Every structure is written in C-alpha cells, then in structure tokens.
Protein chains: 2
Amino acid sequence: MNKKKLTEVLCGAEQLCRKRGVRLTARRRTVFELLCASDKPLSAYKILDRMRVAARNPAPPTVYRALDFLLEQGLVHKLESLHAFVGCTHPEHPHSSQFLICGDCGEVSEMENEAILQSLQTAERATGFKTRHPVVELLGTCAQCAEKHQSG
Amino acid sequence: MNKKKLTEVLCGAEQLCRKRGVRLTARRRTVFELLCASDKPLSAYKILDRMRVAARNPAPPTVYRALDFLLEQGLVHKLESLHAFVGCTHPEHPHSSQFLICGDCGEVSEMENEAILQSLQTAERATGFKTRHPVVELLGTCAQCAEKHQSG
DNA sequence: GGAAAGGATGTTATGTTATAACATCATCAA
DNA sequence: TTGATGATGTTATAACATAACATCCTTTCC
Ligand SMILES: [Zn+2]
Ligand SMILES: [Zn+2]
Ligand SMILES: [Zn+2]
Ligand SMILES: [Zn+2]
C-alpha cells in the first residue's frame, strides 16, 4: 500500500471509531498502521518486533489487546491457517470475507464473494446451524506465481 | 462412535494403508484410534495426555509425526480455528470438506457440500488462483444448542 | 480543581501449540 | 550381513497466546 492510500485508510479508521464512540488510541493505531503498511500478513510477534523499533519494549499483551480491539471493530482480520493478521481493505461495513493465500510469495488477497456466502448459507439452512463467524481460507498458488512456475 | 463402528473404521484404515503401500504403525494407529473414539476434536497435547495412559512418556514429536502421516493419508483433518484434529468419517477417497463447529457443545460435523466447492472453484477461476487446500470452518451454534437456547 | 469510575496500558509470569536437531531402532532388500 | 530407508526416541527450543495484577490516563460529575 502506498503512502497516500495508507493515510486515507488511517483517516477512515479514525472517523469510523469516532462515529462508533470507541477509541483508536496510539497503540491501536500503530498496530493497525503496521498491518496496513505491510504487503504480507504479520504475526502478533512480528508486529511486536516492529513496535520495538519505535516504542520501548512492549510485551505480547500490548499487541494482542490492540489486535482484539481491531478485530472487534472489523479493521483487521485473522488468518487462522497462518496465525497471522491482515488489515482490512474495506472496514466501513461489517462483512464476511474469504482469503486467497499464496504459499509461494506469501501474498494474501481478501475477497467478498456473494456466491460463496450464498452457498454457505444454503448449507446452514439445510443443517440448522447458525454461523457466527465463517472461516474461508484457500491455500495455494496465486496467478503470478503459477505463471512463473510454468515459464520457469 | 460406538465400538463396532470404531473397529470397522480402524479396519478400513488398515486396508487403505496396505493398499497404498504405507505403514499404519502402532503409534499412528493409536493416534487415529484416539481421534476416532473421541466425540470432540482433540489437540495434539490432549492426544499426548491420553497416550501417556498406555505408553510410557511420549514426547510432542511422536504425536505430531503421527498426525502428519494421518493428515497426508487423509485419515484425519486439522481444524485450523481450534488447533485441533478430528478423525475423518470417509477417508476412502481424497476430498475437501467443510466443518460446522459448535461453540456451545464443542461438537464438529464434517460435510462435503458440492455447491460450496463449486462456488469456491468459480472464484478461483475468476482470479487465476490454484487452491491446494481449502479451509472452510463455520464457527457458530449447532441446531440442538440453538434450540436449547430458545426453550431455555 | 478534585474525586471517583471506567477504560487502557504496563509488567511479570505462565500456558499452549509446534518444530529443530540429532540419536537410535526397526524393516526390508540385495 | 550389510546398507538403505523409514520410523521413533529424546532433548531442547521456537512460536503463539493469555492470566493476573499494578498503574496510569481520561472522562464525568461535583
Ligand atoms: Zn475485510
Ligand atoms: Zn504468489
Ligand atoms: Zn474427511
Ligand atoms: Zn452445539
């Protein structure tokens, strides 16, 4: 994400939190910014390392608390299969998304595919299950990396 | 799973491994049996505890190696969102399944829903992504628990 | 301003999940 | 029997996550 876009996203997060009456404190903002600035998902401990550069010796709970807040507000998502976190690309409204995770280059793209959500809902109705949080993560190879393999 | 069914499943796993020319050793068989006998998913360390009862002091790698083998053979599945494992209900053919995970009673049901797989494949084709392993886990409340809440 | 309340953060310790690295043992084929 | 391969044992440590309690900061109300 480039600097301009990053500023926009941060600004949007500020507004969103103000509107909701919750506090995007300095710590929380830092964690969010680090996640958005990274082109790859970051584990809690990676975030911790990057915070050490600026702040003085933060401990794991600092990061996990910030992440809890950001997850609640929908500003970040957790990738269960990677034990890592990514900034959300469109936090304005609550949503369920799906993730394409490339095992080669490590890039992750978030998508919000209606057909997938529909098929999940159909399955739920058939079984009487009430989903609170769907986890959909596709582990594989992205288009760019697949092409490299073919040519390489 | 009742005793008769368990015997069948174990027997089936034996046959499957023989057919594939891989070895379902005592350790691996024990881990598989513990998972199948449990009505809930088990973490690697829960499995370890239950093994301690019989064998003498196994260490984590013992369990993780057995799990790796069983995962490769499709005899068990990993639930990423729970850091836990379940025995597969139909390991005869390779498959991608989805899991309904009840946060109330802890029960997990495995399903193989064609419509969901189709929708995932459609999304892949649209993006050029090649999925090696889809993770679909729905976290929520099962029908029985939902009913209890309503009446309770 | 000062006191009280609630939320956020700091700090220490520990729990939980997973793997690295190397030694030993079992099995099988030549 | 000997060498190759795969499986297991063993020790140590890495990586991920939370409990518990102290302190501080902000807001509100007087
Ligand atoms: Zn999102
Ligand atoms: Zn890639
Ligand atoms: Zn299965
Ligand atoms: Zn339930």
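Note that these values count all heavy atoms, side chains included, but never hydrogens, waters or copies made by symmetry. None of these values were measured; they are calculated from a predicted model.
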Could you work out, with side chain to side chain contact (heavy atoms under 4.5 Å, CB included) as the rule, every residue matching [X], not counting sequence neighbours?
X      : value
B:R132 : A:L139
A:S109 : A:L100
A:T131 : A:E124, A:F129, A:P134, B:L138
B:T7   : none

Side chains of residues 110-119 of chain A: which donor-acceptor partners sit under 3.5 Å, not counting sequence neighbours?
| unit_1 | atom_1 | unit_2 | atom_2 | d |
| --- | --- | --- | --- | --- |
| A:E110 | OE2 | A:H77 | NE2 | 3.0 |
| A:E110 | OE2 | A:H95 | NE2 | 3.1 |
| A:E110 | OE2 | A:S97 | OG | 2.8 |
| A:E112 | OE1 | A:H90 | NE2 | 2.8 |
| A:N113 | OD1 | A:A115 | N | 2.9 |
| A:N113 | OD1 | A:I116 | N | 2.9 |
| A:S119 | OG | A:I116 | O | 2.7 |
| A:S119 | OG | B:S119 | OG | 3.1 |

Residue list, side-chain hydrogen bond (donor to acceptor under 3.5 Å, both in side chains) with B:S81, at least two apart or on another chain: B:E137
Donor-acceptor contact present, side-chain A:K46 to main-chain A:P41, <3.5 Å: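 Flag not set: sc A:K46 to bb A:P41 has no pair under 3.5 Å.
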Length of the CZ-C1' vector between A:F69 and D:dT18, whole Å: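 The answer, rounded to whole Å, is 20 Å.
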Nucleic acid contacts of residues 72-87 of chain B, taken as heavy-atom distances under 4.0 Å to DNA chain D: none
DNA chain D-proximal residues of residues 43-52 of chain A, any heavy atom under 4.0 Å: A:S43, A:Y45
Where at least one partner belongs to residues 6-15 of chain A, residue pairs that pass salt bridge (charged side-chain N to carboxylate O under 4.0 Å, His left out), sequence neighbours excluded: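 Every salt bridge (charged side-chain N to carboxylate O under 4.0 Å, His left out) pair that includes a residue of residues 6-15 of chain A, provided the two are not neighbours, is A:K4-A:E8, A:E14-A:R29.
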B:E92: salt bridge (charged side-chain N to carboxylate O under 4.0 Å, His left out) partners, not counting sequence neighbours: none
Partners passing salt bridge (charged side-chain N to carboxylate O under 4.0 Å, His left out) against B:D68 (at least two apart in sequence or in another chain): none
Considering only nitrogen or oxygen atoms on both sides, find all protein atoms under 3.5 Å from nucleotides 19-25 of chain D and state each distance.
| unit_1 | atom_1 | unit_2 | atom_2 | d |
| --- | --- | --- | --- | --- |
| D:dA20 | N6 | A:R65 | NH2 | 3.2 |

